[in-house]
Amino acid sequence: MACGNFYFLLLIVFVVAQSGHGQLSPNFYSSSCPNALSIVKQGVAKAIKNEARVGASLLRLHFHDCFVNGCDGSILLDDTSTFTGEKTAIPNNNSVRGFEVVDQIKANLEKACPGIVSCADILALIARDAVVYYGGPTWKVGLGRRDSLTANRSAANAFIPQPSFNLSNLTSSFAAVGLSFKDMVVLSGAHTVGFARCTSFRPHIYNDTNIDASFAKLLQNKCPRSGSDNVLQPLDYQTRFQFDDKYYQNLLVKKGLLHSDQQLYNGNKADSYVKIYAMKQGEFFKEFARSMIKMGNIKPLTGSNGEIRRCCHKTN
């Protein structure tokens with residue numbers, strides 16, 4: 001999608017409107033772009049109506065953005081002559097998606113309030129709005145992030161949690177960005193929506209023993225030992241487009257899709273959390289909202305750091 005021309009006057013307007021620093025605030029755009037939140041919400045609803053699974057993809061974009069140098073919109077940048085973007089990093093390549101939804105929402109925001117709303121804030125908002133659309137909890141999204149001027153493919157390879165991770169890898173990965181063990185268990189519940197490719201769950205269904213035998217067999221029929229790498233299966237086989245506590249219930253009966261999922265219920269200290277969230281959806285929702293706010297606060301660029309991109313996939 002083409003990005004509109006920008007005029008010097010608008011740059012002055014946005015610098016004045018967006019100066020300020022430090023803490024994120026849910027009211028950051030209340031005067032500079034009062035319709036920002038409704039424009040984003042409408043864009044998310046339209047996208048999910050068009051393709052039911054895309055909301056999970058939007059939620060994942062925010063996760064994968066925040067785990068690499070903070071929530072700064074770096075995941076959206078295309079490669080340039082000076083840096084290689086994060087889109088082709090191992091956890092993202094042929095896997096992260098929903099970029100065209102972000103571009104459309106950004107274009108709508110640029111029409112309403114040119115140069116005001118950052119791409120990093122769009123990612124934080126679409127994650128919340130997708131969860132709500134699927135029937136999950138809501139929370140107040142702190143706003144005022146600015147956009148990075150570069151991306152970091154090697155950091156994406158190093159820091160984004162992967163389907164092959166065991167509990168110790170997962171714990172370290174979340175701790176590296178300031179998230180606790182409990183945050184890790186509760187944020188993994190985002191896998192109550194969305195799909196994974198055969199290449200991501202193949203090792204679990206063929207090599208692991210902590211998986212229900214009939215469930216493994218069913219998946220093996222769809223995902224052979226070789227080939228069919230891009231065959232999709234729901235991360236939560238019960239309610240693939242509903243944000244609920246079924247993900248945890250699946251783990252209790254060894255029906256987690258990914259190796260990393262089933263690690264959360266495998267005779268370790270995560271078990272007690274999984275049991276609670278499997279029984280008490282309200283508790284899961286409350287903790288998920290709290291942890292999403294915490295994740296959204298990872299190293300944001302504020303004040304005069306970074307920029308407000310005119311177009312999310314390239315710097316100004």
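The model shown is predicted, which means the values in this text are computed figures rather than measured ones.
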Tell me yes or no: between the side chains of Ser74 and Glu86, is some donor less than 3.5 Å from an acceptor?
-> yes
Taking atom types as modelled, is there a side-chain donor on Tyr247 or Asp261 under 3.5 Å from an acceptor on the other?
-> yes
Do Ser154 and Asn152 get their side chains close enough for a donor-acceptor pair, meaning under 3.5 Å?
-> yes
Test item: side-chain donor near acceptor, Asp183 and Ser180, under 3.5 Å | yes
Hey, are Tyr29 and Asp121 close enough side-chain-wise for a donor-acceptor pair under 3.5 Å?
-> yes
Between Thr199 and Asp229, is any side-chain donor less than 3.5 angstrom from a side-chain acceptor?
-> no
With a 4.5 Å limit on heavy-atom distance, are the side chains of Cys66 and Val177 in contact?
-> no
With a 3.5 Å cut-off and no angle check, do the side chains of Gln104 and Asn108 form a donor-acceptor pair?
-> yes
Could you tell me whether the side chains of Arg309 and Thr315 share a donor-acceptor contact shorter than 3.5 Å?
-> no
Which atom names give the shortest non-hydrogen contact between Val131 and Phe288, and what distance separates them?
-> CG2-CE2, 4.1 Å
Residues at least two apart in sequence or cross-chain that pass side-chain hydrogen bond (donor to acceptor under 3.5 Å, both in side chains) with Gln233, listed by chain then number, are none
Step by step, would you call Asp245 with Lys280 a salt bridge (charged side-chain N to carboxylate O under 4.0 Å, His left out)?
-> CA-CA 8 Å; Asp245 60 356; Lys280 298 181 178 177; over 6 Å; no
Minimum heavy-atom distance Tyr206-Cys223, with the two atoms named | OH-O, 2.7 Å
Should the pair His204 and His259 be assigned to parallel (<30°), tilted (30 to 60°) or perpendicular (>60°) ring geometry?
-> perpendicular
For Arg97 and Glu51, run salt bridge (charged side-chain N to carboxylate O under 4.0 Å, His left out): C-alpha distance rounded to whole Å, both residues' side-chain angles, the deciding distance at 0.1 Å, then the answer.
-> CA-CA 12 Å; Arg97 54 196 297 281; Glu51 187 202 18; 2.6 Å; yes
Between Lys106 and Ile122, is any pair of side-chain heavy atoms under 4.5 Å apart?
-> yes
Are Ser173 and Phe159 side-chain neighbours, meaning at least one heavy-atom pair lies under 4.5 Å?
-> no
Compare all side-chain heavy atoms of Val193 with those of Gln242 and state whether any distance is below 4.5 angstrom.
-> no
When you check the side-chain N and O atoms of Asn93 and Thr88, is any donor under 3.5 Å from an acceptor?
-> no
Write down the atom of Leu258, the atom of Ser200, and the distance for their closest heavy-atom approach.
-> CD2-O, 3.8 Å
Does a side-chain heavy-atom distance below 4.5 Å link Arg240 with Tyr134?
-> no
Report yes or no: is the cationic atom of Lys87 (NZ for Lys, CZ for Arg) closer than 6.0 Å to the six-membered ring centre of Phe99, at no more than 45° off its axis?
-> yes
Once you round to the nearest 0.5 Å, how far does CG of Asp236 lie from OH of Tyr248?
-> 11.0 Å
With no hydrogens and no angle check, do the side chains of Ser226 and Arg202 hold a donor and an acceptor under 3.5 Å apart?
-> no
Asp79 and Thr84 side chains, donor-acceptor separation under 3.5 Å | no
Would you say the side chain of Val96 lies within less than 4.5 Å of the side chain of Ser57, judging by non-hydrogen atoms?
-> no
Ile116 versus Ile308: any side-chain heavy-atom pair under 4.5 Å?
-> no
Asp212 side-chain N/O to Ser214 backbone N/O, donor-acceptor pair under 3.5 Å | yes
Flag side-chain contact, heavy atom, 4.5 Å: Ile293 against Lys140 | no
If every non-hydrogen atom of Ile298 is compared with every non-hydrogen atom of Leu179, which pair is closest and at what distance?
-> CD1-CD1, 4.2 Å
Does the side chain of Asn305 pick up a donor-acceptor pair with the side chain of Arg146 at under 3.5 Å?
-> no
Write down the atom of Ser148, the atom of Gly73, and the distance for their closest heavy-atom approach.
-> OG-C, 4.3 Å
